[in-house]
There are 4 protein chains.
Amino acid sequence: MNTTGTLLRLTTAGESHGRAMVGILDGMPAGVKIDFDLVSLEMSRRRPGTKIGSGRNEADEVQFMSGLLDGVTTGTPIAFMIANTDSHSSDYDHLKNTFRPNHADYTYQAKYGIRDWRGGGRASARETALRVAAGALALQALERLGIEICAYTRRIGSVAIADGFEYLSQDRIYNDSVRCPCPEVSQMMQNEIAEARKAGDTLGGIVACTISGIGAGIGEPVYDKFQARLAAAMMSINAAHGFEYGLGFAGCALRGSEVIDPFVTTADGRVATSANNSGGIQGGITNGMSVNFNVAFKPVATLMQPMESIDRRGEKIIINPRGRHDVCVVPRAVPVVRAMAALCTLDAVMLAKSHKF
Amino acid sequence: MNTTGTLLRLTTAGESHGRAMVGILDGMPAGVKIDFDLVSLEMSRRRPGTKIGSGRNEADEVQFMSGLLDGVTTGTPIAFMIANTDSHSSDYDHLKNTFRPNHADYTYQAKYGIRDWRGGGRASARETALRVAAGALALQALERLGIEICAYTRRIGSVAIADGFEYLSQDRIYNDSVRCPCPEVSQMMQNEIAEARKAGDTLGGIVACTISGIGAGIGEPVYDKFQARLAAAMMSINAAHGFEYGLGFAGCALRGSEVIDPFVTTADGRVATSANNSGGIQGGITNGMSVNFNVAFKPVATLMQPMESIDRRGEKIIINPRGRHDVCVVPRAVPVVRAMAALCTLDAVMLAKSHKF
Amino acid sequence: MNTTGTLLRLTTAGESHGRAMVGILDGMPAGVKIDFDLVSLEMSRRRPGTKIGSGRNEADEVQFMSGLLDGVTTGTPIAFMIANTDSHSSDYDHLKNTFRPNHADYTYQAKYGIRDWRGGGRASARETALRVAAGALALQALERLGIEICAYTRRIGSVAIADGFEYLSQDRIYNDSVRCPCPEVSQMMQNEIAEARKAGDTLGGIVACTISGIGAGIGEPVYDKFQARLAAAMMSINAAHGFEYGLGFAGCALRGSEVIDPFVTTADGRVATSANNSGGIQGGITNGMSVNFNVAFKPVATLMQPMESIDRRGEKIIINPRGRHDVCVVPRAVPVVRAMAALCTLDAVMLAKSHKF
Amino acid sequence: MNTTGTLLRLTTAGESHGRAMVGILDGMPAGVKIDFDLVSLEMSRRRPGTKIGSGRNEADEVQFMSGLLDGVTTGTPIAFMIANTDSHSSDYDHLKNTFRPNHADYTYQAKYGIRDWRGGGRASARETALRVAAGALALQALERLGIEICAYTRRIGSVAIADGFEYLSQDRIYNDSVRCPCPEVSQMMQNEIAEARKAGDTLGGIVACTISGIGAGIGEPVYDKFQARLAAAMMSINAAHGFEYGLGFAGCALRGSEVIDPFVTTADGRVATSANNSGGIQGGITNGMSVNFNVAFKPVATLMQPMESIDRRGEKIIINPRGRHDVCVVPRAVPVVRAMAALCTLDAVMLAKSHKF
């Protein structure tokens with residue numbers, strides 16, 4: 001299904017080489033003045049076209065069709081569109097009857113009996129451009145509530161930042177070409193990417209994200225725990241293969257006495273915890289500390305090397321690399337993770353408001 | 001919200017020390033003959049009471065109230081109930097105004113302004129007993145479709161199985177006290193638990209799960225990718241802090257050329273892949289290989305040691321350990337992971353059926 | 001599906017002659033002190049057992065299992081149960097293979113291939129007892145917001161009240177045996193029922209309902225207009241065959257100039273309308289006037305006369321009347337309409353709160 | 001909320017005088033070859049521009065942006081757009097601070113604190129153009145299943161057809177300018193419209209609809225009864241004030257013995273009923289007979305007469321008629337009712353498929 005969210009709902013449509021990508025963001029609170037330059041800026045951060053990207057020149061201009069009056073949200077659904085101008089469909093003719101390994105060619109064919117084979121069709125990561133546009137609106141609503149969301153590259157291939165960061169500037173992160181907050185590590189990541197490009201190979205990595213200022217009491221118990229919503233949102237991103245929050249997988253090997261987050265009363269009388277191993281969530285509900293999580297991305301499967309596969313008749317074929325492809329999608333995934341976190345968070349905040357009597 | 005699923009929907013209610021835990025499973029296909037002994041057996045595997053558990057003697061007898069005629073599902077909702085007979089509420093009186101660290105005491109209070117403090121209330125893992133009961137029904141429907149789900153303990157504390165298992169017997173796994181398929185590793189895990197118990201400490205771990213026989217074409221693209229649904233389901237389990245499928249977090253450090261799953265045609269003409277790094281899912285839709293995933297559980301926070309915390313007025317207090325608590329919940333989480341996987345899978349199969357014309 | 005509502009969700013289960021009727025009300029705001037006597041009172045108004053009812057003695061005692069602490073809602077789901085004590089299943093053995101005309105026997109068989117034939121099974125109006133219980137909780141939450149809901153009998157067979165009532169007392173209405181606010185008309189309705197009983201026949205009618213104090217701005221535009229939600233809720237009640245609000249069907253024959261609701265400013269500066277032909281709703285959203293609607297109920301199909309039908313093999317049979325049945329369900333439908341209106345209204349109020357920034 | 005449906009979901013966006021109306025139809029079964037001429041034809045039937053309409057010349061060309069490959073549905077969401085070319089926004093400048101009686105001006109302002117005042121904004125019936133486009137796709141999928149949906153004008157003002165029609169041709173109905181299947185009655189309706197136009201007044205009416213070939217077993221019990229879904233869909237149409245199925249409100253005044261639908265076995269061994277007072281639905285599930293329902297539309301509130309009202313400050317004003325408006329929307333509502341019935345029916349059929357094991 002192509003809708004996400006309960007009260008703030010994003011529905012998307014569009015294939016990478018169809019006429020346009022179309023989104024409808026329903027449920028945005030009324031009265032939020034939108035800064036469209038911020039939307040464009042966030043879009044530009046997902047765009048390929050730099051040395052880390054695929055070399056495609058996608059303008060990705062977002063046209064808003066509804067739900068705004070003089071740039072202010074009206075509470076009605078916001079439709080928006082991104083035209084598919086730079087779509088070299090002929091680049092993909094050779095894929096019509098081909099099942100590329102680790103792509104969705106075969107699975108869409110198996111599910112629907114038909115598929116748009118051009119550039120990944122519906123399964124293309126181009127769909128995430130719509131998420132970034134919608135997320136840029138949600139981020140502006142959250143800002144009014146004092147909630148900030150910061151995402152960054154934590155690992156590329158074998159290069160990783162050892163520890164998390166509590167205080168980060170999204171602008172500074174975006175100024176780094178691989179979206180890494182630590183300049184030394186960034187240089188190593190860039191080297192790793194250069195090597196992989198030379199080898200015709202690809203790299204995966206980890207995007208980390210922090211939600212700060214969210215306050216206590218956000219998130220629903222049991223099946224809609226805040227971490228469950230975040231996990232679903234993140235695992236719906238192309239190439240995402242893992243989600244963890246707080247200590248995550250590393251915490252499994254620790255003892256309980258090592259992961260305690262003792263409650264303390266702050267100088268100004270608020271409840272806080274002196275550590276944050278829980279990642280800001282207890283029982284599915286935020287405790288007022290920052291919410292921290294990681295998303296693992298596998299290396300993409302489109303290598304610049306000939307690859308064996310089969311066609312629709314089941315015959316062996318060789319796929320020769322064509323088109324333009326990312327060596328590492330992780331830096332481009334940073335604004336996507338941020339956008340999905342923003343949509344999830346605003347939705348959860350609205351759910352929490354609905355209970356207040 | 002206390003409902004999970006789209007077409008197969010489980011709604012649960014109940015606090016650990018209230019009158020009863022109550023579930024309603026709506027959407028079960030009609031005509032499935034239920035083996036109630038299998039339900040009881042699966043329930044017994046989640047139950048504490050052995051040396052690995054909390055020492056509580058919960059009978060956990062499931063009473064079915066509706067939706068069945070002579071033991072056959074009628075397509076109408078199946079209500080079921082587990083009485084709370086062994087509830088020593090007085091064990092918890094000291095917690096009425098206490099916020100235990102890493103528990104949901106504070107967050108429920110912050111969200112609702114009121115909470116049932118007895119034994120964790122709604123946030124208690126006792127809620128998962130209802131999931132296991134519902135999952136035991138789903139497992140029987142899946143069996144008719146040739147789909148099997150197998151879950152097991154992969155890690156406890158510092159002890160882990162190196163590699164995954166393709167062919168497993170759930171019965172044999174359940175015969176092992178820590179639900180580990182490998183006897184040597186199981187013994188090491190039991191030793192680790194014994195040590196932690198002596199130290200008044202607790203342990204986390206990883207539950208692995210395999211869904212086999214699911215066939216290709218199950219799962220919805222984009223926001224309801226099969227892995228996104230599984231992730232949400234797993235992250236809704238108490239103490240779960242991470243989810244990964246296929247190569248997961250380990251795959252981030254590999255190169256694209258190392259994680260390819262080449263398509264092959266099997267002897268009997270089916271499409272398969274000669275490796276399964278994708279965990280059986282591509283583009284959110286199953287490719288016919290086994291679906292494999294891991295769930296990370298943090299060590300539980302109730303230590304058998306005095307712990308500092310604060311009360312509702314923000315005053316410092318010391319919490320002395322009382323009641324009976326698990327050293328390691330991982331073995332008891334195995335049937336819960338299995339149940340949630342079964343509910344997710346049957347729901348996804350029903351969604352896939354709805355598209356068929 | 002057996003759940004209704006978006007943020008306030010009622011899920012029900014249970015067959016009329018199974019072990020129990022079970023409901024879960026999820027999403028109730030926390031901190032509402034429940035008066036259980038009011039719940040019992042409302043339940044007693046749906047109960048058969050008077051001369052207008054079916055003669056069955058259903059105690060309909062509601063047992064609450066969760067979601068309450070010392071009688072105050074905690075925000076967690078409220079499970080409740082009504083035991084099926086007076087179920088003379090053997091009264092229904094002759095219906096095992098019979099399709100009663102105008103009942104759901106055949107349609108459930110066609111849909112599911114199996115059905116609980118005892119007393120209507122899942123299709124029995126006994127399910128509405130759960131709605132009344134849940135509605136009685138919602139009514140108490142609404143009362144805190146100054147919202148009142150009043151339902152009454154407007155027509156039974158050929159006897160009808162000409163005009164609507166703006167100011168009504170639900171208590172006085174419930175004091176009338178057929179729930180009619182006008183004593184003279186009530187007497188005529190009772191006479192009509194007595195005649196129909198003598199003839200072994202049944203009667204339909206209309207239940208009217210008024211929601212007052214709701215304020216402006218409640219209801220969602222387009223597909224979830226307040227009237228659309230109310231219509232779905234009312235048409236889900238057994239035997240309901242029509243819904244109208246404002247002038248409804250009668251308004252079709254009038255001219256636009258006859259149905260205008262001019263806006264006026266009240267003495268205290270509020271916006272109001274000097275007529276209320278729109279039934280308090282414009283564009284799906286309340287305008288602050290009372291919301292008025294009618295629900296049409298067909299005469300029930302269980303006559304106290306021999307009726308021709310067919311059995312499962314398609315053979316002609318004669319069904320002889322047995323068991324105890326209502327001549328007219330309309331008076332018993334009054335609390336059901338009221339309950340569904342209460343659930344709808346509280347849900348809509350919660351949705352409206354979620355948008356407020 | 002701006003989405004309707006469970007498995008087949010239509011989401012719409014757009015204000016009458018914004019850039020475009022945008023819809024996304026998600027869940028359409030794959031492999032349906034679309035005849036776009038049929039879509040255009042159905043769109044033309046909703047379009048104003050004839051003597052019965054508002055005189056506006058809306059081309060209403062539907063542009064499809066996704067979800068189709070060579071005109072065949074691919075199972076992915078179908079985005080479509082209708083540009084707002086003929087939008088004389090300046091016609092509406094005088095309404096910026098005006099609350100027109102019986103319009104949604106005041107209620108949107110009350111709910112959102114902001115509204116697009118141009119031509120009704122989001123509350124404009126122009127939104128229904130998107131429903132007709134989506135419905136035209138659903139109708140083509142239903143045709144493959146042998147299900148036909150026919151809608152027609154049953155009443156305009158004081159002129160009504162006495163009885164329903166079992167066998168109708170949608171093409172012949174569309175050939176009639178007021179969409180009435182009976183030529184004599186049509187002429188009387190046209191006369192009534194001419195008179196009302198002369199008087200500067202408006203008319204309401206009733207649209208009837210028949211769903212044939214649907215078979216038994218479609219529809220969900222209890223809260224999602226087929227009639228409940230239909231009622232919500234119909235009551236979401238602008239100006240709809242009532243819904244009834246089967247005998248509807250007229251049935252309230254009849255006795256049970258007069259409304260029986262006796263089951264019979266047909267010559268070819270199927271189960272049928274010899275009357276259809278139940279409107280083809282029993283217990284919320286179709287019984288294989290035609291589903292029949294009526295939708296009441298109030299006369300629209302935009303008279304060609306000066307009208308008193310208030311502005312945003314609560315001051316009295318006179319609204320002088322401007323722009324172009326329908327005398328009677330009923331004929332234009334016929335394809336909208338048909339479209340909503342088609343979406344509901346296909347959704348219900350898909351739900352029914354999901355249960356089949």
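Letters A, B, ... mirror the listed sequences (proteins, then strands); counts begin at 1. Just so you know, these numbers come straight off a predicted model, no measurement behind them.
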Exercise for the section: Could you pull out the closest heavy-atom pair between C:N102 and C:A301, with the gap in Å? Expected result: CB-CB, 3.2 Å
Problem - Part of C:L25 lying under 4.5 Å from any heavy atom of chain B - result: neither
Handout entry: Side-chain donor-acceptor contact under 3.5 Å, C:R46 with C:T128
Key = yes
Exercise for the section: Please flag which part of B:D26 lies under 4.5 Å from any non-hydrogen atom of chain C: side chain, backbone, both or neither. Expected result: side chain
Exercise for the section: Search all heavy atoms of B:Q140 against all heavy atoms of B:L38 and return the closest pair with its distance. Expected result: NE2-CB, 3.6 Å
Exercise for the section: Say whether B:T345 and B:R229, considering side chains only, have a donor N or O and an acceptor N or O under 3.5 Å apart. Expected result: no
Practice task
Assess the side chains of B:R9 and C:N2: does a donor N or O sit below 3.5 Å from an acceptor N or O?
Solution key: no
Handout entry: Residue selection (most heavy-atom pairs with chain C, distance under 4.5 Å) from B:M21, B:M1, B:K111
Key = B:M1
Handout entry: Contact leader toward chain B among C:G23, C:A30, C:G31, where contacts are heavy-atom pairs under 4.5 Å
Key = C:A30
Practice task
Sort C:D116 into side chain, backbone, both or neither according to what part of it lies under 4.5 angstrom from a heavy atom of chain B.
Solution key: both
Practice task
With a 4.5 angstrom heavy-atom cut-off, could you sort out which part of C:Y108 is near chain B: side chain, backbone, both or neither?
Solution key: side chain
Problem - Side-chain H-bond candidate by donor/acceptor type, C:S124 with C:R118, under 3.5 Å - result: no
Practice task
Quick one: which of B:G113, B:S66, B:G67, B:G14 has the most heavy-atom pairs under 4.5 Å with chain C, could you say?
Solution key: B:S66
